[in-house]
Amino acid sequence: MAAAVATPVIPVEHDPDRCGSEEESRGAEAEEESSRQQTAPAAAATHSRLSKLPLARIKALMKTDPDVSLASQESVFIIAKATELFVEMIAKDALVYAQQGKRKTLQRKDLDNAIEAIDEFAFLEGTLD
């Protein structure tokens, strides 16, 4: 048997400056809710606005791997976001070395220095040679 939980009821004062009745405000809330429900699937279906990289190109690159026959949109989007974050991280770390050289432009030597100095980028050693 479920126990009933009493919740306090807070009286709401009527605001004379507010236009419309309670029924009208409920109708407006219902319209807002239905419009959110209609746009949610469309927004969820298209990840391209959330990604800065072209998803079609990433999907094509993923399919160049012989082990990958199908790639879902979600997996393509995740790879795109991971790539963006990786590029952002290495660029920020390389920027530190550019600023030490009193420059604003990243150069290859800045990337080399970041790769050598940061253990997370050890797998990249020798790739720019």
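This chain uses plain numbering: 1 for the first residue, then up along the sequence.
- Residues that satisfy the salt bridge (Lys or Arg N to Asp or Glu O under 4.0 Å) test with E125, not counting sequence neighbours, are absent from this structure.
- Applying the salt bridge (Lys or Arg N to Asp or Glu O under 4.0 Å) test to R103 and every residue at least two apart in sequence or in another chain returns D110.
- Taking the six-membered ring for Trp and thresholds of 30 and 60 degrees, F121 and F86 have ring planes more than 60 degrees apart, a perpendicular arrangement.
- Listed here is the closest heavy atom pair of A98 and L106: CB-CD2, 3.9 Å.
- Within the 4.5 Å cutoff, the side chain of Q99 has no heavy atoms near those of the K104 side chain.
- Interatomic distance, NZ of K59 versus OG of S72, reported as 8.0 Å (0.5 Å rounding).
- Cluster membership for L53 and L85, using ILVMFWY side-chain heavy atoms within less than 4.5 angstrom, is not shared.
- Under the 4.5 Å side-chain contact rule for hydrophobic residues, L111 and L124 share a cluster.
- A 4.5 Å side-chain heavy-atom check between E74 and F77 finds every atom pair outside the cut-off.
- Partners of D112 according to the salt bridge (Lys or Arg N to Asp or Glu O under 4.0 Å) rule, which considers only residues two or more places apart in sequence or in another chain, are R108.
- We find the CG-CD distance between L55 and Q73 to be 6.5 Å, quoted to the nearest 0.5 Å.
- Counting heavy atoms of neighbouring residues, nucleotides and ligands inside a 6.0 Å radius, atom CG of L70 does not exceed 12 of them.
- Nearest heavy atom pair, residue M62 against residue A71, reads CE-CB, 3.9 Å.
- In this structure a side-chain-to-backbone donor-acceptor pair under 3.5 Å is present from T83 to I79.
- Atoms CD1 and CG, from I90 and L95 in turn, are 12.5 Å apart once rounded to the nearest 0.5 Å.
- With rounding to the nearest 0.5 Å, the separation of CD1 in I78 from CD1 in I58 is 11.5 Å.
- With rounding to the nearest 0.5 Å, the separation of CD in E84 from OG in S51 is 4.0 Å.
- How far CD of E120 is from CG of D93: 8.0 Å, rounded to the nearest 0.5 Å.
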